[in-house]
Amino acid sequence: MSSSATAVLFDAPGPRARLRNNILTLVGVIIILGVAYFVWARFSEAGQFDSKLWTPFLDPGVWQGMILPGLVGTLSAAALSIVLALLCGAVFGLGRLSDHWWIRWPSGVVVEFFRAIPVLLMIFFAQAGAFELFGYTMPAFTAVVIGLTLYNGSVLAEVFKAGILAVPKGQSEAAYSLGLRKGGVLRLILLPQAVTAMMPAIVSQMVVALKDSALGYIISYEDLLNTGFRQLPNNFGNLVPAAIVISLVYIVLNLALTYLATALERRSRRSRKSTAKPVSLAAVTGGTSTGE
Amino acid sequence: MQPRRIGALVAVAALTASLAACGGGETTYASVVDKAKGAKKLVIGVKFDQPALGLKKQDGTVEGFDVDVAKYVAKELGVPENAITWKETISKNREPFIQQGQVDLVFATYSILPERKEKVTFGGPYIVAHQDIMVRGDDAAITKVEDLKDKRICQASGSNSYKRITDPPPNGKDIKSQLVPAGTYAECVERLKGKTLDAVTTDDLILAGFAGQGGGTFKILGTPFTDEKYGVGMKKDDKATCNAVNAAITKMYQDGTAQSLAKKWFGSAQGLQLPTAAPAFEGC
């Protein structure tokens, strides 16, 4: 059954096609190995694999005193801003779908305004503005969270709006015909299906928030990039090894975040089926996913 | 809900707010020197990523020439070392941090410039740096500024040092060098070591920090061509603090501390001219 179905989907490659595929695969592997060797050789020539450049990362003091405090800074700012951005996104996303112009227009203005400003400026002006307007010296953490929340919340508002609009119209029409009110249709019919469609875009935006927390350097916020990539290499003269290690930490963080979000969504969905098409983040943000 | 209960809740809320307002307020001082005398503590802004000037260590302490000068000045103002809170200031946020009161004083390779004087008051300078050139230790081809023609020099993000080479007079030397962009001076130094650059040019004290770390990998040419007066930043028109800071700097040179600190932090760098006397003050 499955083999015949497969044959219908595409023609099985013949001997010549298989040979061609194998040759192309081999060429691809050789090119990748060549590039890897070139990078390794250049690094080696420049002394980037000297043990003295890498031994600091075996010192628990370096992790306790520099990398981990930065990691805590990154995670705490990202975690809080992701939660707040999801709330903001939900509020303004639904606001943009409101039947009342006095809710729809302000929501649109807020979303478009904060989506257009670079995160770096938003973080800077959150702190500077608080002082100029209220004479309040805002902590760096608060300013970073505000900047990240406003930007990512605005992008997520568009994601929420697009996700709800991605659910086929027949779903809501059927719900209305059963006597459900707008709130019920939204809560029981549209949102559960929209979440599935929105999940890839939401996860992408969470990753953006995590990485953008590094922009807090403008107000001297102690995050992973600040401590691990600016302070640490200037102690040990190991910029490239530090860049590699910090990149790996970021990769692990982002993979963990993606896994966590996907697992949560899968658990909440269980057997729920969705008729909504997945939302593309590029379509929502106009081809970009970062604030910078 | 009964009106009496609502009234009670409002009263409790008002009481809480007033207590918070009373308890939260810290004493405000007319000047930093008054704060130093009264509170016996200061928040000082320094660099956290500049070897030999201001660098945060893995144990959380900060060290460097700027840090040691700051400790000396603070002690003269009546603040012991353990009562100083160190705050990172980068080039982009020094003025806002001073204006917002996030820091009391800034010792962070803070060059005294006319446009900066409009926003903050400067004490000092406590040292005069000079723009110079750093090359690889084995490079004999570059011995003076003019040798940078057609050579690859670093263009660090946010820095204008390269313009002193490439711009036409009176601001620059009109030397046609190839500019290689980099994020930070640490990256410039890394590229110099990796031979994708021929020279790095900026303040000699900044270069000395990296050269000292390189252990003979680099050398400074010792051909200074600008003056960079490193001052102590403070709130605009805080003349009392400015005068007190200047008095402390004068004493630091008179008792030989400044010279020994300069030797301690920059003595190992080849080609660097260390200060012998206090620089002329800008005036408060």
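Worth knowing before you read on, the calculation uses all heavy atoms, side chains too, and leaves out hydrogens, waters and symmetry mates. The chains referred to below are lettered A, B, ... by the order of the sequence lines, with proteins before strands, and numbering in each begins at 1.
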So do [Y] and [X] actually touch side chain to side chain, heavy atoms under 4.5 Å?
X: A:Asp59; Y: B:Gln58; value: yes
X: B:Lys57; Y: A:Met66; value: no
X: B:Pro96; Y: A:Phe131; value: no

Take a 6.0 Å sphere around [atom1] of [X] and say whether it holds more than 12 heavy atoms from other residues, nucleotides or ligands.
X: A:Tyr136; atom1: OH; value: yes
X: B:Glu81; atom1: CD; value: no
X: A:Phe113; atom1: CZ; value: no
X: B:Lys263; atom1: NZ; value: no

Nearest 0.5 Å, please: how far is CZ in A:Phe229 from OG1 in B:Thr184?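 Going from the OG1 atom of B:Thr184 to the CZ atom of A:Phe229 covers 6.5 Å.
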Can you tell me how far the CD1 atom of B:Ile90 sits from the OG atom of A:Ser220, to the nearest 0.5 Å?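 With rounding to 0.5 Å, CD1 (B:Ile90) is 5.5 Å from OG (A:Ser220).
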For a quick check under 3.5 Å, do B:Glu190 and A:Gln48 share a side-chain donor-acceptor pair by atom type?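 Yes, a side-chain donor-acceptor pair sits under 3.5 Å.
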Considering only heavy atoms, which portion of [X] lies under 4.5 Å from any heavy atom of chain A: side chain, backbone, both, or neither?
X: B:Phe210; answer: side chain
X: B:Gln99; answer: backbone
X: B:Thr196; answer: side chain

What is the minimum heavy-atom distance between B:Glu88 and A:Asn226, and which atoms define it?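 Minimum heavy-atom separation between B:Glu88 and A:Asn226: OE1-ND2, 3.2 Å.
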Shortest non-hydrogen contact between A:Ala46 and B:Gly194, atoms and distance: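 Minimum heavy-atom separation between A:Ala46 and B:Gly194: CB-CA, 4.4 Å.
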Less than 4.5 Å to any heavy atom of chain B: does that hold for the side chain of A:Gln127, its backbone, both, or neither?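 The answer is both parts of A:Gln127.
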Using modelled atom types only, decide if a donor and an acceptor are shared between the side chain of [X] and the backbone of [Y] within a distance under 3.5 Å.
X: A:Asn235; Y: B:Lys56; value: yes
X: A:Thr137; Y: B:Gln102; value: no
X: A:Asn234; Y: B:Gln50; value: no

Steps toward side-chain contact (heavy atoms from CB on, under 4.5 Å) verdict (B:Phe48, A:Thr227): CA-CA 9 Å; B:Phe48 274 17; A:Thr227 57; over 6 Å; no
